[in-house]
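Notes to accompany the following structure.
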Amino acid sequence: NAGVTQTPKFRVLKTGQSMTLLCAQDMNHEYMYWYRQDPGMGLRLIHYSVGEGTTAKGEVPDGYNVSRLKKQNFLLGLESAAPSQTSVYFCASSTHNGLSTEAFFGQGTRLTVV
Amino acid sequence: AQRVTQPEKLLSVFKGAPVELKCNYSYSGSPELFWYVQYSRQRLQLLLRHISRESIKGFTADLNKGETSFHLKKPFAQEEDSAMYYCALRAGGGSEKLVFGKGTKLTVNP
């Protein structure tokens, strides 16, 4: 049972380069989220999706784009990376079981932009 | 807008002492509140949710709508409780937006 898997685990980018982070979940969850974790800032929501083909902006969406073409995948794109985007990125998925929700997290992607 | 505030970045207690991690929120609707924990080198995971009114690993949290708080408490801290704790709020009404506080790093000293 893989749960939530993020690819890659580590990456170093040069300023201006682009990349895509992949999040895959095998739990048939409707909702998926991308966060960034920075020291002293906690987890900040970048974008999220409530279903296949839908996305919404979170707290810090600038500089990022997302797509949810398939229910199980949620992609986070950086078109032109900047040093300020150096962070640890976490993906999460959840569903509503009629009573409550629980978010399941990936292992994180450590991104460094030089 | 949803907002979660955890006023303490760091909290240090001795083993066996009581611990309380504070969480306040602002949201105009009826929120769903959670505590998530991240142990060293592990994934973030759910600790407890207000709707279940449960006790997990000795931790409890009560939603106080009047004070808009959801503080996490444990009467006797253990060394294995050392971790990063995040309070989170999920908006209702179909939004499904899930936001987190900045986290509190708890250290339980022997």
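Reminder, nothing fancy here: chain letters follow the sequence lines and each chain counts from 1. Side chains included, hydrogens not; waters and symmetry mates left out as well; all remaining heavy atoms used. Keep in mind that this is a model prediction, so the values were computed, not measured.
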Checking A/Glu52 against A/Arg68 for the salt bridge (Lys or Arg N to Asp or Glu O under 4.0 Å) test, could you report, in this order, the C-alpha distance in whole Å, the side-chain angles of both residues, the deciding distance, and whether it holds?
CA-CA 5 Å; A/Glu52 183 179 317; A/Arg68 184 106 181 262; over 6 Å; no
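Interface remark: A/Phe104 contributes no atoms to any contact with chain B (heavy atom separation under 4.5 Å). Looking at A/Gln37, only its side chain comes within 4.5 Å of chain B, counting heavy atoms on both sides. Contacts of A/Ala103 with chain B are made by both backbone and side-chain atoms, with heavy-atom separations under 4.5 Å. At a 4.5 Å heavy-atom cutoff, the contact between A/Leu43 and chain B is made by backbone and side-chain atoms alike.
Shown here is A/Glu79, whose CD atom has no more than 12 heavy atoms of other residues, nucleotides or ligands within 6.0 Å. More than 12 heavy atoms of other residues, nucleotides or ligands sit less than 6.0 Å from atom NZ of A/Lys71.
Here B/Phe70 and B/Tyr25 keep their ring centres 6.0 angstrom or further from each other.
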